[in-house]
Amino acid sequence: MSRDELRTGCVIRFPYLWVREAERGETEGRKHRPVAVGVRIVRPKGEDVLVLFPITRQPPSSDRFAVEIPEMEKRRAGLNATLRLWIVLDEYNQDVIDQSFYLEPEPPLGHFSKAFFLPLMKEFIARRARTRGVNRQR
């Protein structure tokens, strides 16, 4: 995958480490799962940071900030349109592109539309103080 393909709204496979797992001392994601690139923060010297949001089949509890993905968006993102899927936005993983041990050289599965994804990112920013992340940099 080229660095340029990693932009807001693209969906890739990544060994996502849930906050609850990191709090128990785990250091590796249990499986590669689809994640959405929420934000790409451009840094000097090519140390661009990605903020990644997990996509799951597990229905989230009502106290979570998560959104069910509509069928058309699942198709655009290269996801199975027959499954109920949610994007979880109250936690994230953060990784540096050129230093990552986890990013694979595979192309993105697909991309969410701006009409669907950008309002979610605006809401994430508004709720940022109440979100929790796991820094995957070593």
Side-chain angles (χ1 to χ4, degrees):
M1 139 178 41
S2 88
R3 292 180 68 224
D4 295 335
E5 291 179 287
L6 293 171
R7 61 184 192 276
T8 298
C10 81
V11 176
I12 61 173
R13 297 192 66 74
F14 185 83
Y16 188 84
L17 181 61
W18 295 93
V19 169
R20 67 181 178 273
E21 295 169 347
E23 288 173 342
R24 289 193 302 257
E26 295 182 40
T27 58
E28 303 299 322
R30 294 180 181 178
K31 67 178 185 177
H32 278 73
R33 70 171 54 252
V35 297
V37 174
V39 180
R40 179 176 177 165
I41 303 165
V42 178
R43 296 269 169 88
K45 301 178 187 174
E47 298 172 346
D48 293 6
V49 175
L50 295 179
V51 177
L52 305 165
F53 298 100
I55 295 171
T56 181
R57 294 188 319 177
Q58 183 71 33
S61 60
S62 62
D63 62 334
R64 299 295 304 260
F65 173 32
V67 174
E68 187 167 6
I69 304 169
E71 182 179 341
M72 180 56 73
E73 293 299 327
K74 288 186 275 190
R75 291 182 195 282
R76 287 181 177 130
L79 302 169
N80 186 334
T82 64
L83 298 175
R84 290 188 75 189
L85 298 171
W86 288 263
I87 181 169
V88 178
L89 297 152
D90 60 2
E91 71 169 79
Y92 58 90
N93 280 190
Q94 183 175 305
D95 205 354
V96 176
I97 295 174
D98 289 337
Q99 298 172 8
S100 178
F101 290 99
Y102 307 107
L103 292 170
E104 298 291 335
E106 300 169 4
L109 300 173
H111 297 83
F112 289 123
S113 71
K114 288 181 181 181
F116 171 70
F117 200 68
L118 291 182
L120 297 178
M121 290 302 89
K122 287 180 182 177
E123 186 64 24
F124 166 76
I125 291 166
R127 297 178 184 220
R128 177 78 168 90
R130 297 179 302 236
T131 63
R132 301 183 315 159
V134 176
N135 188 338
R136 300 302 301 275
Q137 297 169 256
R138 293 186 182 204

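For this chain, numbers begin at 1 and follow the sequence in order. Reckoned from all heavy atoms, side chains included, excluding hydrogens, waters and symmetry mates.
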Chemist: Could you list the cluster mates of Leu17? Members are the ILVMFWY residues connected by side-chain heavy atoms closer than 4.5 Å, either directly or through other members.
Modeler: Val19, Val134
Chemist: Report the distance from atom CG of Leu89 to atom CD of Glu123, rounding to the nearest 0.5 Å.
Modeler: 9.0 Å
Chemist: Would you say the side-chain atoms of Tyr16 pair up with the backbone N or O of Tyr92, donor to acceptor, closer than 3.5 Å?
Modeler: yes
Chemist: Over all heavy atoms of both residues, which pair between Phe112 and Ile55 is shortest? Give the atoms and the distance, please.
Modeler: CZ-CD1, 4.0 Å
Chemist: Distance check, rounded to the nearest 0.5 Å: Leu52 atom CG versus Arg33 atom CZ?
Modeler: 12.5 Å
Chemist: Would you mind listing the cluster partners of Leu118? Hydrophobic ones only (ILVMFWY), side-chain contacts under 4.5 Å, chaining allowed.
Modeler: none
Chemist: Are Leu79 and Phe117 grouped together when hydrophobic residues (ILVMFWY) are joined by side-chain heavy atoms under 4.5 angstrom apart?
Modeler: yes
Chemist: If you measure from CG on Asp48 to CD1 on Ile97, what distance do you get to the nearest 0.5 Å?
Modeler: 5.0 Å
Chemist: Which residues pass the salt bridge (charged side-chain N to carboxylate O under 4.0 Å, His left out) test with Arg13, sequence neighbours left out?
Modeler: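 Applying salt bridge (charged side-chain N to carboxylate O under 4.0 Å, His left out) to Arg13 gives none.
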Chemist: For Gln58, give me all partners under side chain to side chain donor-acceptor pair (under 3.5 Å), at least two apart in sequence or on another chain.
Modeler: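 In terms of side chain to side chain donor-acceptor pair (under 3.5 Å), with neighbours along the sequence ignored, Gln58 is linked to no residue.
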Chemist: Just by distance, do the side chain of Gln99 and the backbone of Glu47 share a donor-acceptor pair under 3.5 Å?
Modeler: no
Chemist: Holding to side chain to side chain donor-acceptor pair (under 3.5 Å), I want the full list of residues that pass it with Ser61, two or more places apart in sequence or in another chain.
Modeler: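 For Ser61, the residues satisfying side chain to side chain donor-acceptor pair (under 3.5 Å) (neighbours in sequence not counted) are Asp63.
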Chemist: What pairs with Arg20 under side chain to side chain contact (heavy atoms under 4.5 Å, CB included), at least two apart in sequence or on another chain?
Modeler: Trp18, Arg24
Chemist: Same hydrophobic cluster for Phe116 and Leu85, using side-chain heavy-atom links shorter than 4.5 Å among ILVMFWY?
Modeler: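 Yes; Leu85 is reachable from Phe116 via cluster members.
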Chemist: Can you name the side chain to side chain contact (heavy atoms under 4.5 Å, CB included) partners of Pro15, sequence neighbours left out?
Modeler: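 Here the qualifying residues are His32, Tyr102.
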Chemist: Of all the heavy-atom pairs spanning Pro119 and Lys114, show the shortest one and how long it is.
Modeler: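 Answer, listing the atom of Pro119 first, then Lys114: CD-O, 3.6 Å.
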Chemist: So Arg136 and Phe14, do their side chains get closer than 4.5 Å, heavy atoms only?
Modeler: yes
Chemist: State, to 0.1 Å, how close Val11 and Ala77 come at their nearest heavy-atom pair, and which atoms those are.
Modeler: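 What the structure gives for the nearest pair is CG2-CB, 3.6 Å.
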Chemist: Between Thr131 (side chain only) and Glu91 (backbone N and O only), is there a donor and an acceptor less than 3.5 Å apart?
Modeler: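 Judged by distance alone, no pair lies under 3.5 Å.
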Chemist: Assess whether salt bridge (Lys or Arg N to Asp or Glu O under 4.0 Å) is satisfied between Glu71 and Lys74, documenting all intermediate values.
Modeler: CA-CA 5 Å; Glu71 182 179 341; Lys74 288 186 275 190; over 6 Å; no
Chemist: Determine whether Asp90 and Arg127 satisfy the following criterion, side-chain contact (heavy atoms from CB on, under 4.5 Å), listing intermediate values before the conclusion.
Modeler: CA-CA 8 Å; Asp90 60 2; Arg127 297 178 184 220; over 6 Å; no
Chemist: To the closest 0.5 Å, what do you measure between CD1 (Ile125) and CG (Leu120)?
Modeler: 11.0 Å
Chemist: Work out which heavy atom in Ile87 is nearest to a heavy atom in Ala36; give both atom names and the distance.
Modeler: CD1-CB, 3.6 Å
Chemist: Identify the two heavy atoms, one from Pro54 and one from Val35, that lie closest to each other, and give their separation to 0.1 Å.
Modeler: CA-CG1, 4.0 Å
Chemist: Taking side chain to side chain donor-acceptor pair (under 3.5 Å) as the test, write out the residues that go with Glu21, two or more places apart.
Modeler: Arg30
Chemist: Under 3.5 Å, is there a donor-acceptor pair between the side chain of Arg75 and the main chain of Ala81?
Modeler: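 Judged by distance alone, no pair lies under 3.5 Å.
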Chemist: Run the side chain to side chain contact (heavy atoms under 4.5 Å, CB included) test against Ile41 and tell me which residues pass, sequence neighbours left out.
Modeler: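 In terms of side chain to side chain contact (heavy atoms under 4.5 Å, CB included), with neighbours along the sequence ignored, Ile41 is linked to Val39, Arg43, Val49, Val51.
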Chemist: Please identify each residue that fulfils side chain to side chain contact (heavy atoms under 4.5 Å, CB included) with Pro60, with sequence neighbours left out.
Modeler: Arg64, Ala66, Trp86
Chemist: Taking all atoms of both residues into account, what is the closest heavy-atom pair of Leu103 and Ile12, and its distance?
Modeler: CD2-CD1, 3.7 Å
Chemist: How far does CD1 of Ile69 sit from CG of Leu83, to the nearest 0.5 angstrom?
Modeler: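 The distance works out to 10.5 Å.
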Chemist: Any ring pair (Phe, Tyr, Trp, His ring centres under 6.0 Å) pairs touching residues 44-69, not counting sequence neighbours?
Modeler: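 Residue pairs passing ring pair (Phe, Tyr, Trp, His ring centres under 6.0 Å), neighbours aside: Phe53-Phe124.
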Chemist: With heavy-atom distances below 4.5 Å as the criterion, would you say the side chains of Pro59 and Arg84 are in contact?
Modeler: no
